[in-house]
2 protein chains.
Amino acid sequence: MAVRMRDVAQAAGVSIAAVSLALSGNPRIPAETRDRIRAVAEQMGYRPHAGARALRTEVTGSLGLVISDVANPFFAELAGEIQRAAAAEGFSTVLCNSDEDAGVQDEYLRNLLAGSRVDGVILVPAAAMTEGLLAAGKAKARLVFLDRPVEVRGRTAAARHLAGSPVVRSGASKALSEAAELLTGFGHRRVGIIAPPMTTRVGVERTELMIQSLTARGVATRDISVVEGDFRQDSGERAMEQLLANKSRPTAIFGADGLMTIGAMKGLRAARYRVPADISVIGFDDAPWFDLFDPPLTAVAQPITAMATAAVRAMVHLVDDAAAPLPAADATPACRLVRRASCGPAPA
Amino acid sequence: MAVRMRDVAQAAGVSIAAVSLALSGNPRIPAETRDRIRAVAEQMGYRPHAGARALRTEVTGSLGLVISDVANPFFAELAGEIQRAAAAEGFSTVLCNSDEDAGVQDEYLRNLLAGSRVDGVILVPAAAMTEGLLAAGKAKARLVFLDRPVEVRGRTAAARHLAGSPVVRSGASKALSEAAELLTGFGHRRVGIIAPPMTTRVGVERTELMIQSLTARGVATRDISVVEGDFRQDSGERAMEQLLANKSRPTAIFGADGLMTIGAMKGLRAARYRVPADISVIGFDDAPWFDLFDPPLTAVAQPITAMATAAVRAMVHLVDDAAAPLPAADATPACRLVRRASCGPAPA
DNA sequence: CTGAAAGCGCTTACAG
DNA sequence: CTGAAAGCGCTTACAG
């Protein structure tokens with residue numbers, strides 16, 4: 001059906017081995033012959049059979065991308081940039097949605113890695129640690145953790161491998177300081193935080209960073225209410241209802257994730273609160289259409305392109321230097337605060 | 001490194017062939033032995049080497065998904081649903097962003113198909129016809145066209161193969177009639193259409209359907225202005241500027257694509273028009289956050305889950321019945337109009 | 001009924 | 001310097 005190496009060899013009047021060597025640029029083949037063979041291959045639309053090559057070389061030229069949900073705009077943009085960066089490096093991208101389910105994640109990991117479908121996996125972990133991750137660590141699989149680190153315990157070989165795997169995520173501390181500054185500058189003293197699951201490090205870290213930034217500016221710890229969501233829009237709306245039902249209602253909200261912040265805005269609208277007159281809102285994860293919200297939403301933007309590039313680069317590095325010791329390839333490009341109209345003076 | 005069939009065979013005390021047969025459920029292996037072998041395989045975390053299997057069976061268990069840009073919310077949702085549906089059928093999904101570039105699309109097609117990386121490609125074509133598509137047609141590649149049909153000319157075998165490939169897209173005619181009814185009911189008589197590229201059939205069809213729906217309700221053809229965009233947000237904003245500069249400015253806008261409608265809203269805001277007091281807007285492609293826009297955006301929602309399911313089902317059908325004649329597996333689930341607040345009475 | 005053997009399309013060590 | 005041959009991990013037709 002498709003053109004195979006033997007077809008090219010026949011058409012060029014050389015052996016199969018000569019075609020292989022010519023295409024890989026082996027100096028054994030004289031430049032003139034090499035160029036002639038390459039021209040024939042190109043003209044015939046030849047592409048090496050990916051499976052055959054993988055079988056022989058143990059390299060697939062594919063990478064797995066396991067994210068929670070590509071319909072989440074943050075991950076959609078990230079996935080797009082990763083696919084582009086991977087293609088630029090000659091890698092195909094196998095996409096998987098874990099739906100924040102550790103079991104689903106582990107099933108994908110096993111299918112991708114144990115099945116030799118990919119050379120490595122860029123993973124947004126659905127939980128701090130899972131059996132599948134330990135298995136991948138034991139098999140010394142190439143892993144790059146994206147957006148969220150994992151929690152490695154113990155000193156087994158598997159644990160050490162996971163601990164040595166690169167982590168790429170955004171650095172939020174400066175942007176969150178600015179956010180806290182913005183809120184306290186407007187006189188807010190009671191703040192609600194809609195937090196990602198505390199089983200994820202982003203959940204813990206974003207929450208703690210925001211609490212620190214606020215208390216450093218004189219907000220009392222007891223005036224900070226934290227409600228945990230599950231990254232989904234609905235959970236943001238429910239968290240908002242809960243915060244509004246507090247005896248001492250917050251005057252400002254930090255939504256520590258994109259979709260949950262959208263849910264929170266819906267909750268505010270449903271309860272007929274005005275933003276920012278009654279309550280100020282700062283979200284996490286920016287989108288081009290936040291400009292069009294009522295009011296335009298102030299949000300912390302993650303450096304998506306930089307994250308994608310760093311993750312792909314880290315993976316390519318792992319693939320190229322399979323034998324070399326793992327490098328400390330962590331990358332943490334900084335977030336920035338995008339100021340719009342959803343923050344204003346605290347009500348009297 | 002990873003567990004191979006021979007390891008399972010050794011652990012279970014049987015031949016490699018027995019393992020293969022047991023895992024595929026061949027009745028030659030007694031049920032008891034089969035279950036024992038399967039248990040050993042499961043326990044060892046065995047997954048067949050995808051490349052080796054592909055080499056032997058000519059089936060990869062992967063499908064390619066070539067879309068224009070996964071960061072576009074419509075395609076992001078579609079990609080997510082396709083990945084999920086594919087996984088449920090046992091297929092991996094290889095994601096590619098063509099960026100609406102026919103050359104990039106063709107390169108991906110060739111890489112995926114000629115390289116035997118996938119069993120078939122679900123494709124949102126970047127152009128009405130391309131060399132790569134013809135090559136894929138000539139090779140009798142399994143193709144499912146998504147969102148946009150292609151224009152097949154001639155009666156060559158390649159052309160016939162492409163013409164016989166399933167097309168899955170949404171049916172907009174009823175929803176666009178409702179949209180036209182909504183606008184004319186509000187007294188609008190001058191309508192601007194921000195259209196996708198006329199090189200794509202969606203561009204031509206959505207535009208023509210809307211024009212027909214409007215003229216059928218008494219709007220004069222000369223009062224309908226069409227400005228062509230390129231699916232990108234910026235082009236929507238520029239199109240909006242152009243429409244506002246018209247001598248006879250439209251009082252209602254139909255944005256025939258998601259991102260372009262967002263651009264149009266930005267253009268209106270920049271020019272300080274009020275929606276819907278000065279101009280009404282209907283968009284295409286719905287998103288959960290349109291509720292939060294100022295004003296909440298009325299839009300035509302595509303049946304994304306139904307489209308994804310139909311596309312994957314069509315592909316699975318092509319894979320299963322490789323030898324059978326191509327079925328007429330086209331699917332056209334209907335769009336629906338989601339009414340919000342961006343449409344109102346035409347200004348006097 | 002079972003096991004050994006061939007062969008899918010590549011790459012590369014090896015013999016000539 | 002060149003070509004034939006081995007072998008990656010599977011599946012399945014075939015011999016015993």
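Letters go in sequence order (proteins before strands), and every chain restarts at 1. FYI, side chains are in, hydrogens and waters are out, and symmetry mates aren't considered; it's all heavy atoms of this structure. Since the model is a prediction, treat every value here as computed from it, not as a measurement.
Looking at Ser165(B), its side chain does come within 3.5 Å of a backbone N or O of His161(B) through a donor-acceptor pair. No side-chain donor-acceptor contact under 3.5 Å links Glu81(B) to the backbone of Ala308(B).
Counting only heavy atoms from C-beta on, Ser15(A) has its side chain closest to dG3(D) among dC10(D), dC8(D), dG3(D).
Rounded to whole Å, atom P of dC10(C) lies 18 Å from atom CD of Glu58(A). Rounding to whole angstrom units, CD1 of residue Ile29(B) and P of dC1(C) are separated by 11 Å. Between Glu32(A) atom CD and dT2(D) atom P there is a gap of 12 Å when expressed in whole angstrom units. A straight line from CZ of Arg6(A) to P of dG3(D) spans 18 Å, rounded to a whole angstrom. We find that CZ of Arg4(B) is positioned 18 Å from P of dG7(D), with the value rounded to whole Å. Between Gln10(B) atom CD and dG9(D) atom P the separation is 13 Å, expressed in whole Å. If you take CG of Leu55(B) and P of dG7(C), they are 13 Å apart, rounded to a whole angstrom. Asn26(A) has its CG atom 17 Å from the P atom of dC10(C), to the nearest Å.
Every pair tested for salt bridge (Lys or Arg N to Asp or Glu O under 4.0 Å) that includes a residue from residues 2-18 of chain A fails, sequence neighbours excluded, so the list is empty. For the salt bridge (Lys or Arg N to Asp or Glu O under 4.0 Å) condition, the pairs that include at least one residue of residues 85-114 of chain B, sequence neighbours left out, are Glu42(A)-Arg110(B), Arg47(A)-Glu107(B), Arg84(A)-Asp99(B), Glu100(B)-Arg148(B). Among residue pairs with one or both ends in residues 113-136 of chain A, none qualify as salt bridge (Lys or Arg N to Asp or Glu O under 4.0 Å); sequence neighbours excluded.
Within a 6.0 Å radius of CZ in Arg38(B), other residues, nucleotides and ligands contribute more than 12 heavy atoms.
Under the 4.5 Å side-chain criterion, counting only non-hydrogen atoms from C-beta, Phe74(A) is in contact with Ile304(A). Between Arg142(B) and Leu63(B) the shortest side-chain heavy-atom distance does not fall below 4.5 Å.
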How would DNA chain D look in dot-bracket form, 5' to 3', counting Watson-Crick and G-U wobble pairs with both distances under 3.5 Å and writing | for bases paired to another strand?
|||.||||||||.|||

Go along nucleotides 11-16 of chain C 5' to 3' and tag each nucleotide: B for a protein heavy atom under 4.0 Å from its base, S when only backbone or sugar atoms are that close, - otherwise.
BBBB--

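Listed by chain and number, the residues in a side-chain contact (heavy atoms from CB on, under 4.5 Å) with Ile29(A) are Ala18(A), Leu21(A), Ala22(A), Thr33(A), Arg34(A) (sequence neighbours excluded).
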